[in-house]
Each structure stands twice: as C-alpha cells, then as structure tokens.
Colleague: 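Below is one structure. I have some questions about it.
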Amino acid sequence: MKINTLPQEFIDAQPILKTLENAGFEAYFVGGAVRDMILNKPIHDVDIATSAFPEEVKSLFNKTIDTGIQHGTVMVLDHGAGYEITTFRTESTYTDFRRPDKVTFVRNLREDLKRRDFTINALAMNYSGNIVDLFDGLSDLKNGIVRAVGDAEVRFTEDALRMMRALRFSAQLEFAIDVNTQQALTKLAPNLKKIAVERIRVEFEKLLMGSQASESLQIGIRDGVMAYLPGDIGTWDLSQIILDLKSNQANTAQVAWIHLLVHSNLNVKKMIQFMRIWKMSREDIKVTSLIAPLVHHIETAHKFELYQVFAYRKILFEVLCLMQVSDETMQRITTIFANLPISKSADLAINGADLIRDGLVKPGPEMGRVLRIIEKSVVLEQLENTPDVLITYIKGLKSYDKN
Ligand code: ATP
Ligand code: MG
C-alpha cells in the first residue's frame with residue numbers, strides 16, 4: 001500500500017527521515033500516527049523509528065534532547081515542534097512491570113515492529129508513503145480488529161498493561177478484540193494487579209473517553225479484567241455507567257471520573273480514598289469530590305451551594321448531560337443557570353484592569369482573591385452588580401485588611 005497524499009503532520013517531519021536516509025540509515029514513521037492516518041482520524045504525535053543508534057541520531061541534527069536515551073529515544077528539535085526518534089529495539093521482559101529490564105538496539109525494522117503490542121500499531125511508513133505491513137495490520141485495520149502481534153499469551157505475560165490497552169483501543173476505535181487475544185486476556189487478567197497504577201490509569205481514562213467505552217467496560221467485566229483494577233472497582237455495579245456511555249461520550253477524563261463516582265455509592269471520604277488509590281491529581285480529587293455530591297443534590301433537589309454550581313457550571317452541565325438525567329432535573333439546572341445574576345466572571349461590572357487603574361488592587365495573587373470574593377457575593381445576590389457598589393465594597397475590604 002502506498003499513501004500518495006501525506007497529511008501535513010508527516011510532510012513537516014519528512015526532512016528528518018531524509019537526513020537519516022541520506023546518512024545511510026533506515027527511518028520510518030511508526031505506531032499510532034500511521035494507524036490513525038489510515039483510519040482518517042486526527043493525528044497526534046508523529047513518532048519516528050530508525051536503524052541509527054542514539055549517538056548517530058544526535059550527530060546528524062543540530063538540536064536534540066536526550067528524552068529517553070537509555071531506551072533509544074532522542075527528541076530532535078531541528079524541524080518545528082520536536083520529534084521523538086527511537087532506535088529500532090527489542091525488549092526483554094518487564095520484571096517490575098513498568099519498563100522493560102533492558103532494551104537492545106537493533107538495525108532491523110522487523111525486530112522493532114515485532115515487539116509492538118497490536119498489529120494495528122505495528123505498521124511503518126517510509127519517506128515516500130509506502131506502508132510496511134509485516135503482521136497483517138492493514139487487514140485488521142480494515143476489519144476493525146485488535147490483535148496482539150504474535151502469541152497473545154506471551155505478549156500479555158511480557159507486559160500485562162497490554163490487556164488494558166486492548167480494551168482502550170477497542171473503546172477508542174470501535175474495534176472488536178480478536179478471539180485468541182481475548183482468550184489470553186481472560187487467562188492473564190490477574191497479572192494486572194502487578195502493574196503500576198499510573199500506567200493503568202492512563203489507559204483506563206482513554207477507555208472511558210472512547211466512543212465505544214460502554215462495550216469495552218462490558219468486555220472488561222466479562223473477561224475478568226475489571227476485577228483486577230485498583231480501588232476494587234470490579235465490585236461496583238457499573239450498569240448505569242454502561243447504559244449512559246452507550247449513548248454519550250465523556251469529553252475529558254475529569255468528566256469521566258465524576259460520572260463514575262456519582263454512580264459509586266461512596267461517601268466523600270471513601271471517594272477521596274478511592275481517588276488516592278488511583279493516584280489522581282490533587283486538583284482532580286478536589287474537583288471530583290466536590291462535584292459528585294453536588295450532582296446528587298441537584299438531582300434530588302436537596303440543598304446545595306449556589307456558588308459551587310456557578311464555579312463548576314461547565315463541567316457540571318457536561319456530567320448531567322452524560323448521565324441523561326430526568327427532564328425535571330435538566331429543567332431545574334437550566335433554571336438555576338438562567339437565574340444566576342451573572343453567567344460568567346466576565347459579566348462582573350468591574351474587572352482586574354479597572355481595579356489596577358483605580359489603584360485599588362495591585363496585580364498579583366491578591367487580585368484573584370478580591371475578584372473571587374466579589375464574584376461570590378454577586379452570585380449569591382449579596383451585592384448588586386454595578387461598578388459603584390462593587391468598588392465601595394472593595395474599598396471596605398481594603399480598610400478592613402489594614403486594621
Ligand atoms: P495514542 O494515539 O493514544 O498515542 P499510540 O498507538 O500512539 O496511541 P502510544 O502509547 O503513544 O500509543 O505508543 C506508541 C506506540 O508504541 C504504539 O503504537 C505501539 O506500537 C508501541 N507501544 C506502546 N506501548 C506499548 C506496550 N505496552 N507494548 C508494546 N508496544 C507498545
Ligand atoms: Mg502516541
């Protein structure tokens with residue numbers, strides 16, 4: 001197969017392949033970018049693989065960074081954004097289940113493609129757009145199949161994370177999982193217990209955001225994968241989440257987690273524990289543990305803090321849409337939004353520039369604090385949203401500060 005019109009992302013990177021080839025090395029575009037181009041999907045990172053060893057790569061370009069040189073990866077900055085160039089390599093097994101114990105650089109493309117996880121990820125493309133397809137990745141792409149390169153059991157034993165990746169590619173690309181690959185998944189799912197949480201989280205979040213997340217979660221339950229994920233998530237009843245994700249898709253990982261936790265039956269303390277087990281960021285833990293209960297309160301018309309609704313209105317709305325809440329709840333939230341005295345921070349009658357010009361507040365962290373105070377007071381209808389009222393109030397704050 002030859003691609004005649006390359007997407008711009010590849011054209012931009014072509015000079016790098018040319019430089020490597022002119023120096024007598026082989027160089028190819030590899031991995032996700034080639035797969036996504038053939039599927040007509042947006043291309044993320046263009047990765048390059050080469051027969052040149054890292055020191056040889058470095059000698060051919062002006063600006064490089066050793067991003068992962070012990071694993072063979074050098075970042076080349078000579079042409080625009082920066083491209084990761086990785087030397088063809090083979091990998092040993094993963095004793096600590098994080099990284100291969102040892103990588104060995106090789107000069108042969110086949111060896112490099114053989115160590116990749118799935119046939120659809122083991123395609124390479126040369127400078128002229130010719131596709132190298134040594135493991136029938138093209139036919140799997142055409143038929144929509146996630147299939148391990150080689151013996152699935154061996155590949156999942158080398159690196160158990162590949163099982164999570166099988167589910168996430170199936171969710172993202174709307175692909176089926178090949179029968180042998182799926183049988184290996186059922187057999188080796190317990191190995192996921194040994195994988196670093198951070199690696200699992202990356203794949204799980206991509207799965208949750210996939211257009212076919214619902215099916216992948218069902219496969220994950222059926223094949224026993226979910227049972228080995230962190231935080232005992234395998235014991236949860238995911239039926240409502242699966243149902244919601246059948247017709248809707250989470251746009252961000254944060255929305256996906258909030259959605260999950262809304263349906264978790266965990267109290268806030270347990271929610272925070274769960275998110276710590278998953279090693280989520282402090283910010284995600286804060287936002288999620290605040291919004292998940294808020295969603296319940298809105299659904300049940302229970303008391304809630306109006307300013308929280310204002311502050312998190314965008315994400316709150318996304319979660320409610322994902323959940324397909326009742327018309328009544330949707331009506332309730334729409335009315336709350338419509339009745340807010342301001343619908344966004346920019347609607348305040350004064351802004352930071354006004355306060356600096358009038359010498360009321362200096363630029364810096366204090367500005368954010370003052371604006372938040374008046375924003376909250378306006379949202380709660382404690383202050384009228386006019387310049388005079390707000391400025392008088394801020395002057396009062398300032399004199400209070402001085403005492
Ligand atoms: P995405 O678009 O989500 O980035 P991707 O296919 O580029 O998808 P990456 O995780 O960026 O996925 O990995 C790049 C390539 O490296 C993959 O296409 C695959 O060939 C290889 N790869 C990544 N992780 C593994 C793994 N655990 N085992 C084997 N090969 C892997
Ligand atoms: Mg990638």
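Each ligand, and each atom within it, is numbered from 1 in the order the structure gives. The structure displayed is predicted, hence computed values, not measured ones.
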Colleague: Heavy-atom pairs closer than 4.0 Å: do any link ligand 1 to the side chain of M163, the backbone, both, or neither?
Modeller: neither
Colleague: Indicate yes or no: does an N/O atom of R165 lie under 3.5 Å from an N/O atom of ligand 1?
Modeller: yes
Colleague: Can you name the atoms of ligand 1, numbered from 1 with element, that are less than 4.0 Å from a heavy atom of K206?
Modeller: 3 (O)
Colleague: With only distance considered, is E203 within less than 3.5 Å of ligand 1 through an N or O on each side?
Modeller: no
Colleague: For a quick test of reading the model, state the closest non-hydrogen atom pair linking K246 to S214 and the distance between them.
Modeller: CG-OG, 3.1 Å
Colleague: Which one holds for D159 and ligand 1: side chain close, backbone close, both close, or neither close, with close meaning a heavy atom under 4.0 Å?
Modeller: side chain
Colleague: S211: what forms a side-chain hydrogen bond (donor to acceptor under 3.5 Å, both in side chains) with it, not counting sequence neighbours?
Modeller: E174
Colleague: Can you confirm, on distance only, whether ligand 1 has an N/O atom lying under 3.5 Å from any N/O atom belonging to N121?
Modeller: yes
Colleague: As an exercise, identify every atom of ligand 1 less than 4.0 angstrom from a heavy atom of G31.
Modeller: 18 (O)
Colleague: Using distance only, find each side-chain donor-acceptor pair of residues 17-29 under 3.5 Å and give its atom names and separation, not counting sequence neighbours.
Modeller:
residue, atom, partner, partner atom, Å
T19, OG1, P15, O, 2.8
E26, OE1, Y28, OH, 3.0

Colleague: Quick check: H44 and ligand 1, any N/O pair under 3.5 Å apart?
Modeller: no
Colleague: Regarding E375 and S345, is there a side-chain donor-to-acceptor distance under 3.5 Å anywhere?
Modeller: yes
Colleague: Is the NZ or CZ atom of R110 both under 6.0 Å from the centre of the six-membered ring of F135 and within 45° of that ring's axis?
Modeller: yes
Colleague: Under 3.5 Å between some N or O of ligand 1 and some N or O of R162?
Modeller: yes
Colleague: Would you tell me whether Q218 and R222 have side-chain atoms, one donor and one acceptor, within less than 3.5 Å of each other?
Modeller: no
Colleague: Using heavy atoms and a threshold below 4.0 Å, how should the contact between F156 and ligand 1 be classified: side chain, backbone, both, or neither?
Modeller: neither
Colleague: Could you check whether R201 makes a cation-pi contact with F204, meaning its NZ or CZ is under 6.0 Å from the centre of the six-membered ring and within 45° of the ring axis?
Modeller: no
